[in-house]
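Encoded as structure tokens, the structure appears first; notes follow it.
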Amino acid sequence: MEAEQRRQNILTLLAESKGPLSATALAGRFSVSRQIIVGDVALLRAAGNDIAATPRGYLMAGQQPADKLCRRIACRHEGTEMQAELYAMVDEGCTVKDVIVEHPLYGQLTGLLELTSRHDVDEFIHRGKNTKPLSLLTSGIHLHTLLCPDEAAFQRVSERLSALGVLYREDH
């Protein structure tokens with residue numbers, strides 16, 4: 001298969017996918033190395049395609065189910081509370097789209113997460129064992145964008161995060 005055809009096929013797969021596709025999975029599908037896929041995605045991005053890289057793989061940026069409610073929530077905690085915070089969100093049926101911090105030099109920094117289950121959270125925590133979370137740049141203050149099944153689910157997340165002591169409020 002020619003490289004251009006492979007890149008077009010990657011775009012089609014990403015557009016049709018219901019979740020992230022890893023570079024390793026794409027490499028296996030096209031019988032090329034993972035690094036070839038990484039390069040293909042870089043070229044597709046340079047050509048103007050809005051492809052996002054998440055810890056679980058690539059997806060077309062902006063893909064959001066129409067039946068989900070999009071909300072942002074502010075949190076503050078030490079790194080040790082991250083797993084409990086993320087569990088509280090996915091346990092209520094919400095997808096944790098990203099984490100956002102405000103950096104004094106670079107402005108808004110966003111890390112795409114796409115976490116939908118405890119399994120996703122566990123993999124994310126495991127992969128991050130030897131790294132520091134973005135929120136350490138801001139004394140633990142950060143935002144999460146959530147896709148929730150409904151307003152009630154978002155309210156339950158807010159209540160659970162408040163009970164954990166990680167919901168950021170003015171009185172902190």
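- We find the CE-CG distance between M89 and L147 to be 12.5 Å, quoted to the nearest 0.5 Å.
- Residues V101 and V166 are members of one and the same hydrophobic cluster, defined by side-chain heavy-atom contacts under 4.5 angstrom among Ile, Leu, Val, Met, Phe, Trp and Tyr.
- Put simply, the side chain of H144 gets close to the backbone of D98: a donor and an acceptor are under 3.5 Å apart.
- Put simply, the side chain of L115 reaches to within 4.5 Å of the side chain of L86, judged on heavy atoms.
- At distances below 3.5 Å, not a single donor-acceptor pair connects side-chain atoms of S31 with backbone N or O atoms of A27.
- Tracing side-chain contacts under 4.5 Å through hydrophobic residues (I, L, V, M, F, W, Y), one reaches V99 starting from L109; they form part of the same cluster.
- Looking only at side-chain heavy atoms (C-beta outward), L13 and L21 come within less than 4.5 Å of each other.
- For P149 against G93, the heavy-atom pair with the smallest separation is CD-O, 3.3 Å.
- Nearest heavy atoms, A23 versus R34: CB-CG, 3.6 Å.
- L167 and S158 get closest at one heavy-atom pair: CD2-O, 3.7 Å.
- Atom CG of L14 and atom CG of N9 lie 11.0 Å apart (nearest 0.5 Å).
- Put simply, the side chain of R7 never gets that close to the backbone of L44: no donor and acceptor are under 3.5 Å apart.
- Using a 4.5 Å heavy-atom cutoff, the side chains of S117 and D120 are in contact.
- Between H77 and M82 there is a side-chain heavy-atom pair separated by less than 4.5 Å.
- Residue R127 qualifies as enclosed at atom CZ: its count of foreign heavy atoms under 6.0 Å is above 12.
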**Item:** Residues D91, R160; criterion salt bridge (charged side-chain N to carboxylate O under 4.0 Å, His left out); working and verdict
**Value:** CA-CA 10 Å; D91 285 352; R160 288 184 67 181; 3.4 Å; yes
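- In terms of heavy atoms, V157 sits closest to A88 at CG2-O, 3.8 Å.
- Although no hydrogens or angles enter the test, the distance criterion places a donor-acceptor pair under 3.5 Å between the side chain of E81 and the main chain of E78.
- Between R156 atom CZ and E151 atom CD the span is 10.5 Å, to the nearest 0.5 Å.
- Residues L146 and T95 form no side-chain contact, since every pair of their non-hydrogen atoms from C-beta on lies 4.5 Å or further apart.
- The hydrophobic clustering, which links ILVMFWY residues whose side-chain heavy atoms are closer than 4.5 Å, places V38 and V32 together.
- When the side chains of ILVMFWY residues are joined at heavy-atom separations under 4.5 Å, either directly or via intervening members, I141 and I100 end up in two distinct hydrophobic clusters.
- Remark: L26 CG to I36 CD1 distance equals 13.0 Å, nearest 0.5 Å.
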**Prompt:** Which is it for C70 and T145 under the side-chain contact (heavy atoms from CB on, under 4.5 Å) test, yes or no, and what are the steps along the way?
**Reply:** CA-CA 7 Å; C70 185; T145 305; 3.6 Å; yes
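- Closest heavy-atom contact between D150 and L69: C-CD2, 3.7 Å.
- With H142 as the fixed residue, the side-chain hydrogen bond (donor to acceptor under 3.5 Å, both in side chains) test singles out one of E102, E85, R76: E85.
- Judged by distance alone, with hydrogens and angles left aside, the side-chain atoms of N49 form no donor-acceptor pair with the main-chain N or O of I51 at under 3.5 Å.
- Distance check: F154 CZ to R71 CZ gives 6.5 Å after rounding to the nearest 0.5 Å.
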**Item:** Candidate pair E114 and K97, rule salt bridge (charged side-chain N to carboxylate O under 4.0 Å, His left out), full reasoning
**Value:** CA-CA 4 Å; E114 292 295 326; K97 294 291 289 178; 2.4 Å; yes
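- For the atom pair CD (Q8) and CZ (R6), the distance works out to 11.5 Å, reported to the nearest 0.5 Å.
- Placement of L164 and I125 within a single hydrophobic cluster is found when ILVMFWY residues are connected by side-chain heavy-atom separations under 4.5 Å, directly or transitively.
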**Candidate pair D40 and F30, rule side-chain contact (heavy atoms from CB on, under 4.5 Å), full reasoning** = CA-CA 12 Å; D40 284 345; F30 296 111; over 6 Å; no
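- In plain terms, the two heavy atoms of P20 and L59 that are nearest each other are CG-CD2, 3.8 Å.
- With a 4.5 Å cut-off on side-chain heavy atoms, V96 and F124 do not count as touching.
- Residues I73 and L161 form a side-chain contact, since some pair of their non-hydrogen atoms from C-beta on lies under 4.5 Å apart.
- Contact of the K68 side chain with the C148 side chain is not registered, since no non-hydrogen atoms from C-beta on lie closer than 4.5 Å.
- Panel note: side chain S17, backbone G19; a donor-acceptor pair is recorded below 3.5 Å.
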